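When a ligand or atom number is given, it counts from 1 through the structure's own listing order. Remember, it's a predicted structure, so these values are computed and weren't measured experimentally.
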Amino acid sequence: MTDGLRVDVDGPVATITLDRPEALNALTVPIKVALREALERLAVDRAVRAVILTGAGRAFCAGQDLAERERPDAAPLDVELRERYNPIILALRAMGQPVIAAVNGVAAGAGASIAFACDLRIAAEDARFVLAFGRIGLVPDSGATWFLPRLVGQARAAELALVGDPITAQEALRIGLVSRVVPNDELLIEARALADKVAAGAPMAVALTKGALDRGATIDLEAALEGEAKLQGIAGASADHAEGLAAFREKRAPRFTGQ
Ligand code: T3D
């Protein structure tokens, strides 16, 4: 636990809460460091099979803390991105466990980028996304230019990034930026139900699937087919595959161990 970030582990599900509601969970250096460390720690925790990322109060995350940016000792923007933001995005993609962004309110700037970098996004009715970078004379960062066109297509990505109007949760659902919208007070319940379903899967197969989906975005069909064959060779040799077959045969739920 660090000021501004909470990590709660309950069974196979870890919940990371950005917890600085008075500043809409804007990201300071200590919070960014703590977030990266939490992701890296959870990545090697074999008991954790799914992660929820959410925000305290009325925001998911308002991106970079703009007051901190104006401090004379603030690192140059490119350094801050290379040393603090980019490692968070890469950690989200490198960890085997899927990360569910439970977007409870506004997600702006790098806060939106972090949500885009998660594996699944569900939104509360009051959530909204704002590519706030242009308003302060910056370019989208923390992976926004990479994830957004892949999530919603080039035309919508261009409108979001170049016009910068906020989009509502319902609009985000319509364009495929989130996979579901739920009443505000049900967001964490829904996120947990989703996380439990993910956590019930065979951990190795889930991690291999996450990696394959990422690579599939950038490789040709032949490479994807060959990649799937290799991964299936690995998953097929696992104890969890044998357990899955046995469970099917015996008409019971599988008990996956990650072996
Ligand atoms: O190091 C680097 O800089 C590189 C990385 C850059 C990545 C980035 O994220 S750049 C983009 C940074 N974020 C923004 O530009 C968003 C700024 N915030 C807003 O545009 C609005 O606050 C929102 C659209 C997010 C929400 O608007 P609204 O009307 O619901 O709330 P509000 O009244 O503007 O904000 C409430 C409080 O949160 C307010 O504080 P106060 O007056 O009550 O004491 C406001 O100052 C504070 N707050 C909101 N966003 C930030 C913030 N404080 C610091 N930093 C923020 N980003």
K.L.:
For atom 29 (O) of ligand 1, state whether the nearest protein heavy atom is under 4.0 Å away.
P.N.:
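So far as the 4.0 Å threshold goes, atom 29 (O) of ligand 1 is out of reach of every protein heavy atom.
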
K.L.:
Among Ile88, Leu5, Leu18, Asp65, exactly one meets side chain to side chain contact (heavy atoms under 4.5 Å, CB included) together with Leu27. Which residue is that?
P.N.:
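When side chain to side chain contact (heavy atoms under 4.5 Å, CB included) is applied between Leu27 and each of Ile88, Leu5, Leu18, Asp65, only Leu18 qualifies.
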
K.L.:
Does any N/O atom on Gly109 come nearer than 3.5 Å to any N/O atom on ligand 1?
P.N.:
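Between Gly109 and ligand 1 (N or O atoms, distance only) the closest approach is not under 3.5 Å.
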
K.L.:
For Val29, is there any backbone N or O sitting under 3.5 Å from a side-chain donor or acceptor partner on Arg84?
P.N.:
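A pair under 3.5 Å: no.
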
K.L.:
Is any heavy atom of the protein nearer than 4.0 Å to atom 21 (C) of ligand 1?
P.N.:
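So far as the 4.0 Å threshold goes, atom 21 (C) of ligand 1 is out of reach of every protein heavy atom.
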
K.L.:
Could you list who else is in Ile234's hydrophobic cluster, with ILVMFWY side chains joined at under 4.5 Å, directly or through other members?
P.N.:
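Listed partners: Met204, Leu208, Leu231.
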
K.L.:
Only one of Asp8, Val9, Val51 forms a side chain to side chain contact (heavy atoms under 4.5 Å, CB included) with Ile16, so which one is it?
P.N.:
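Going through the options one by one, the only one that passes is Val51.
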
K.L.:
Could you list which atoms of ligand 1 come closer than 4.0 Å to a heavy atom of Ala23?
P.N.:
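By the 4.0 Å cutoff, the relevant atoms are 38 (O), 48 (N), 52 (C).
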
K.L.:
About how many Å separate NZ of Lys32 and OH of Tyr85, when rounded to the nearest 0.5 Å?
P.N.:
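Atom-to-atom, Tyr85:OH and Lys32:NZ are 3.5 Å apart.
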
K.L.:
Does ligand 1 have any atom sitting under 4.0 Å from a heavy atom of Arg84?
P.N.:
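Not so, Arg84 does not reach ligand 1.
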
K.L.:
For atom 9 (O) of ligand 1, state which one of Gly164, Ala110, Gly134, Ser142 supplies the nearest heavy atom.
P.N.:
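It is Ala110 that holds the nearest heavy atom.
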
K.L.:
Would a 4.0 Å cut-off, counted as strictly less than, catch a protein heavy atom around atom 57 (N) of ligand 1?
P.N.:
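So far as the 4.0 Å threshold goes, atom 57 (N) of ligand 1 is in reach of a protein heavy atom.
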
K.L.:
Under 3.5 Å between any N/O of Arg58 and any N/O of ligand 1: does that happen in this structure?
P.N.:
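Min N/O separation from ligand 1 is below 3.5 Å for Arg58.
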
K.L.:
Counting only heavy atoms, tell me which of Asp65, Asp141, Val139 gets closest to atom 6 (C) of ligand 1.
P.N.:
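Residue with the shortest heavy-atom distance to the ligand atom: Asp141.
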
K.L.:
Going by the order shown, which atoms of ligand 1 are within less than 4.0 Å of some heavy atom of Ala26?
P.N.:
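By the 4.0 Å cutoff, the relevant atoms are 54 (C), 55 (N), 56 (C), 57 (N).
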
K.L.:
Which is it for Thr218 and Arg150 under the side chain to side chain contact (heavy atoms under 4.5 Å, CB included) test, yes or no, and what are the steps along the way?
P.N.:
CA-CA 10 Å; Thr218 54; Arg150 287 172 168 79; 3.6 Å; yes

K.L.:
Do Gly111 and ligand 1 have an N or O pair less than 3.5 Å apart?
P.N.:
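It does not: no N or O of Gly111 is found under 3.5 Å from an N or O of ligand 1.
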
K.L.:
Please report whether atom 41 (P) of ligand 1 has a protein non-hydrogen atom at a separation of less than 4.0 Å.
P.N.:
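So atom 41 (P) of ligand 1 lacks protein heavy-atom neighbours under 4.0 Å.
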
K.L.:
Got the closest protein heavy atom to atom 37 (C) of ligand 1, with its distance?
P.N.:
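Nearest protein contact, heavy atoms only, for atom 37 (C) of ligand 1 is Glu22 O, 3.9 Å.
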
K.L.:
Which atom pair, heavy atoms only, marks the closest approach of Leu92 to Met95?
P.N.:
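So the minimum-distance heavy-atom pair works out to O-CG, 3.5 Å.
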
K.L.:
Check each of Leu53, Asn104, Thr54 against Thr17 using the side chain to side chain contact (heavy atoms under 4.5 Å, CB included) test, and report the only one that passes.
P.N.:
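Testing each of Leu53, Asn104, Thr54 against Thr17, the sole residue satisfying side chain to side chain contact (heavy atoms under 4.5 Å, CB included) is Thr54.
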
K.L.:
Would you please determine whether Glu68 falls within less than 4.0 Å of ligand 1 on a heavy-atom basis?
P.N.:
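Under 4.0 Å: no for Glu68.
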
K.L.:
Indicate yes or no: does Lys210 engage Asp214 in a salt bridge with an N to O separation below 4.0 Å.
P.N.:
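No, Lys210 and Asp214 are not salt-bridged.
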
K.L.:
With heavy-atom distances below 4.0 Å as the criterion, list the atoms of ligand 1 near Gly63.
P.N.:
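Every atom of ligand 1 under 4.0 Å from some heavy atom of Gly63: 9 (O).
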
K.L.:
Check this for me: does any side-chain nitrogen of one of Glu68 and Arg71 sit under 4.0 Å from a carboxylate oxygen of the other?
P.N.:
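The answer is no: the pair does not qualify as a salt bridge.
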
K.L.:
Between Glu37 and Arg41, does any side-chain N to carboxylate O distance fall below 4.0 Å?
P.N.:
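Looking at Glu37 and Arg41, the cut-off is not met.
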
K.L.:
Of all heavy-atom pairs between Arg93 and Ala117, which one has the smallest distance, and what is that distance?
P.N.:
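Shortest heavy-atom contact: NH1-O, 2.9 Å.
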
K.L.:
Would you say ligand 1 has an N or O under 3.5 Å from any N or O of Gln64?
P.N.:
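Yes; the residue has a nitrogen or oxygen that sits under 3.5 Å from a nitrogen or oxygen of the ligand.
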
K.L.:
Go through the structure and list residues passing side-chain contact (heavy atoms from CB on, under 4.5 Å) with Glu250, not counting sequence neighbours.
P.N.:
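Result, side-chain contact (heavy atoms from CB on, under 4.5 Å) vs Glu250: Ala246, Arg252.
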
K.L.:
Between the candidates Val29, Leu77, Leu66, Leu24, which shows the shortest non-hydrogen contact distance to atom 54 (C) of ligand 1?
P.N.:
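The option holding the nearest heavy atom is Leu66.
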
K.L.:
Relative to the heavy atoms of Glu80, which atoms of ligand 1 are at a distance of less than 4.0 Å?
P.N.:
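Answer for ligand 1: 1 (O).
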
K.L.:
Protein heavy atoms near atom 18 (N) of ligand 1, is at least one of them under 4.0 angstrom away?
P.N.:
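No.
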
K.L.:
Answer yes or no: does an N/O atom from Arg69 fall short of 3.5 Å to an N/O atom of ligand 1?
P.N.:
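Checking ligand 1 against Arg69, an N or O pair does fall under 3.5 Å apart.
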
K.L.:
Take a 6.0 Å sphere around CZ of Arg46 and say whether it holds more than 12 heavy atoms from other residues, nucleotides or ligands.
P.N.:
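Incorrect, the count does not exceed 12.
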
K.L.:
Under 4.0 Å from any heavy atom of Arg128, which atoms of ligand 1 are there?
P.N.:
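Within the 4.0 Å cut-off of Arg128, ligand 1 contributes 30 (O).
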
K.L.:
With a cut-off of 4.0 Å, which atoms of ligand 1 are near a heavy atom of Phe133?
P.N.:
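Near Phe133, the atoms of ligand 1 are 7 (C), 8 (C), 10 (S).
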
K.L.:
Counting heavy atoms not belonging to Glu40, are there more than 12 under 6.0 Å from its CD?
P.N.:
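More than 12 within 6.0 Å, yes.
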
K.L.:
Look up atom 45 (C) of ligand 1 and tell me if a protein heavy atom lies less than 4.0 Å from it?
P.N.:
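It does not: no protein heavy atom is found less than 4.0 Å away from atom 45 (C) of ligand 1.
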
K.L.:
Can you sort out which atoms of ligand 1 are near Ile136, meaning under 4.0 Å from one of its heavy atoms?
P.N.:
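This gives 10 (S), 11 (C), 15 (O) as the contact atoms.
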
K.L.:
Check each of Ala62, Ala75, Ala132 against atom 13 (N) of ligand 1 and report the one with the nearest heavy atom.
P.N.:
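Ranked by closest heavy atom to atom 13 (N) of ligand 1, first place is Ala62.
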
K.L.:
Side chain or backbone, does Lys32 bring an N or O within less than 3.5 Å of an N or O on ligand 1?
P.N.:
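No.
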
K.L.:
Would you check whether Ala67 has a nitrogen or oxygen atom less than 3.5 angstrom from a nitrogen or oxygen atom of ligand 1?
P.N.:
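By distance alone, the answer is no.
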
K.L.:
Among all the protein's heavy atoms, is there at least one whose distance to atom 34 (O) of ligand 1 comes out below 4.0 Å?
P.N.:
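There is no protein heavy atom less than 4.0 Å from atom 34 (O) of ligand 1.
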
K.L.:
Any chance CD of Glu190 has more than 12 other-residue heavy atoms, nucleotides or ligands included, within less than 6.0 Å?
P.N.:
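Yes, enclosed.
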
